[in-house]
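Step one of this worksheet: look at the structure below.
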Amino acid sequence: MVHRRHDVAQAPGDNHGGKAPGKIDKQLETTILELLAARAATSTICPSDAARAVGGETWRDLMEPARRAARRLVDAGEVQITQGGSVIDPSTAKGPIRIRKVQ
């Protein structure tokens, strides 16, 4: 998975400084939606599920980008972020989160 590591290191934009999302960011958003589409309507995923799918062996490098991708999808009305089964404001989330389809 060296190719993926190269992609991670070269990911432009990663939503820093208000830049448009880069290639990896878009892959993470798409992967989150695809993973959720493959599950029951009430199921959740962890940001690490998307990070692992996109990043392979270097998935840990994508954890924060995956969380940011989830927050962008919340802003777009596509998903909700939960903690302890309750929907939370993603800007105040601390610790482990889950992502689910909007209900």
Side-chain angles (χ1 to χ4, degrees):
M1 297 274 166
V2 175
H3 180 261
R4 296 227 186 252
R5 169 174 269 156
H6 178 73
D7 284 348
V8 172
Q10 301 261 334
D14 208 28
N15 213 23
H16 296 292
K19 294 180 184 176
K23 178 182 172 186
I24 295 296
D25 298 313
K26 290 293 188 184
Q27 286 179 322
L28 287 165
E29 290 175 15
T30 299
T31 300
I32 289 169
L33 295 174
E34 288 172 350
L35 289 170
L36 288 171
R39 293 194 163 95
T42 57
S43 294
T44 64
I45 63 166
C46 179
S48 66
D49 296 328
R52 289 173 199 267
V54 172
E57 293 176 16
T58 61
W59 67 271
R60 286 178 183 84
D61 295 338
L62 294 179
M63 279 303 297
E64 188 53 37
R67 289 173 66 99
R68 285 194 299 269
R71 288 191 293 268
R72 286 191 303 275
L73 291 170
V74 167
D75 291 343
E78 301 265 354
V79 302
Q80 296 172 321
I81 291 180
T82 66
Q83 281 185 320
S86 298
V87 177
I88 60 160
D89 178 352
S91 67
T92 61
K94 301 278 189 224
I97 62 170
R98 302 290 295 179
I99 307 163
R100 72 178 184 198
K101 296 175 193 173
V102 172
Q103 298 183 348

If every non-hydrogen atom of [X] is compared with every non-hydrogen atom of [Y], which pair is closest and at what distance?
X: Glu29; Y: Ala69; value: CG-CB, 3.8 Å
X: Thr31; Y: Ala50; value: CG2-CA, 3.9 Å
X: Pro96; Y: Gln83; value: O-NE2, 2.8 Å
X: Ala66; Y: Pro47; value: CB-O, 3.6 Å
X: Trp59; Y: Ser48; value: CZ3-CB, 3.8 Å

Original post:
Are any side-chain N or O atoms of Glu78 and backbone N or O atoms of Val102, one a donor and one an acceptor, separated by less than 3.5 Å?
Top reply: no
**OP:** Apply the salt bridge (charged side-chain N to carboxylate O under 4.0 Å, His left out) test between Asp25 and each candidate in Arg72, Arg68, Arg67; give the one that qualifies.
**Re:** Arg72
How many angstroms lie between [atom1] in [X] and [atom2] in [Y], if you round to the nearest 0.5 Å?
X: Ile32; Y: Lys101; atom1: CD1; atom2: NZ; answer: 13.5 Å
X: Gln27; Y: Glu34; atom1: CD; atom2: CD; answer: 10.0 Å
X: Arg98; Y: Ser43; atom1: CZ; atom2: OG; answer: 9.0 Å
X: Ile97; Y: Ile81; atom1: CD1; atom2: CD1; answer: 4.0 Å
X: Lys94; Y: Ile88; atom1: NZ; atom2: CD1; answer: 10.5 Å

So, do [X] and [Y] sit near enough that their side-chain heavy atoms are less than 4.5 Å apart?
X: Val87; Y: Arg100; value: yes
X: Ile99; Y: Val74; value: no
X: Arg71; Y: Ser91; value: no

Original post:
Transitively linked via ILVMFWY side-chain contacts under 4.5 Å: Ile45 with Leu28?
Top reply: no
